[in-house]
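Beneath this line is the structure, given in C-alpha cells, with notes to follow.
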Amino acid sequence: MSRICSFTLLAALAVAPFAAFAQSSDTNSAATTAAHPSPFAHMLKKMDSDGDGKISSAEFQAAAAARFAAIDTQGTGKITAAQIAAAHGAGERGEKFADREVAKIGSDGTITRDQYLTAAQARFAKLDKNGDGFLTADEVPAGRWAHKDGAQPK
C-alpha cells in the first residue's frame, strides 16, 4: 500500500509544474485569469497535443516521459532527489520531500524511468474520476485552494 502511495506522490512531483497555478476566484477579470490560469488550463496548454480540450492518458504519459527526460540531465535512465528538486526549482522543503520519495520508491537512491512513469499513470488514474481515460476541467483539482468536496473557494 505504501508503495502505491509513494508512486502517487511521485506522480504529483511529475505533474507539479503543470499544476502550479490556481485559478483566481475573480473569474470576471480576464487579466486575472490570464495571469493565473487554472491548473487544468495550464496542463491543457502543456499536454493537449491533439487540441481536443481534454488530456488523454497517452498525452499525460508523454508529458511525464518528457519531464523525466528533462530531469535526467545525465541521460542515465535514473533520477535522484537532487535532480528532482533542482528541476522543480524547489527550495529546502522540496529537497527534503524529494529525498523521502526517492527513499520510498527507489532501491538505490534513484528512481528509474519505469518507476516514474508508473507513478504518473497512478496519478492519472486518481485524477480520472469517471474512468473514461481523459482528464477534463471538472476532474482536475483547483490547486492548493481546492476544497475536498470539489467546491471552489470564494
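Computed over heavy atoms, backbone and side chain alike; hydrogens, waters and symmetry mates excluded. Keep in mind the model is a prediction, meaning the values are calculated, not measured.
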Nearest 0.5 Å, what's the NZ-CD distance between Lys126 and Glu139? 14.0 Å
Heavy-atom pair with the smallest gap, counting every atom of Gly53 and Leu44: C-CD1, 3.6 Å
Does any part of the side chain of Phe134, heavy atoms only, come nearer than 4.5 Å to the side chain of Asp128, both counted from C-beta? no
With a 4.5 Å cut-off on side-chain heavy atoms, are Asp48 and Lys54 touching? no
May I ask you to test the Gln115-Thr112 pair for a side-chain heavy-atom distance under 4.5 Å? yes
Close side-chain approach of Gln83 and Thr73, heavy atoms under 4.5 Å: yes
Verify, without hydrogens or angle tests, whether Gln61 (side chain) and Gln121 (backbone) share a donor-acceptor contact under 3.5 angstrom. yes
Separation between CG of Asp50 and OG of Ser56, rounded to the nearest 0.5 Å: 6.5 Å
To the nearest 0.5 Å, atom CZ of Arg67 lies from atom CG of Leu117 at 13.5 Å
Drop me the distance from Met47's CE to His42's NE2, to the nearest 0.5 angstrom. 8.5 Å
Tell me which one of Ile111, Asp108, Val102 satisfies side-chain contact (heavy atoms from CB on, under 4.5 Å) with Lys78. Asp108
Main chain of Ser49, side chain of Glu59: is a donor-acceptor contact present, judged purely on distance under 3.5 Å? yes
Taking atom CD of Glu95 and atom CG of Asp99, what is their separation to the nearest 0.5 Å? 7.5 Å
Heavy-atom side-chain proximity of Leu127 to Pro141 below 4.5 angstrom: yes
CA sep, side-chain torsions, deciding dist, call: Asp138, Phe40, side chain to side chain contact (heavy atoms under 4.5 Å, CB included): CA-CA 9 Å; Asp138 61 325; Phe40 182 74; over 6 Å; no
For the atom pair CZ (Phe60) and CZ (Arg123), what is the distance rounded to the nearest 0.5 Å? 7.0 Å
Report yes if some heavy atom in the side chain of Tyr116 is under 4.5 Å from a heavy atom in the side chain of Ile71; otherwise report no. yes
May I ask you to test the Thr110-Ile79 pair for a side-chain heavy-atom distance under 4.5 Å? no
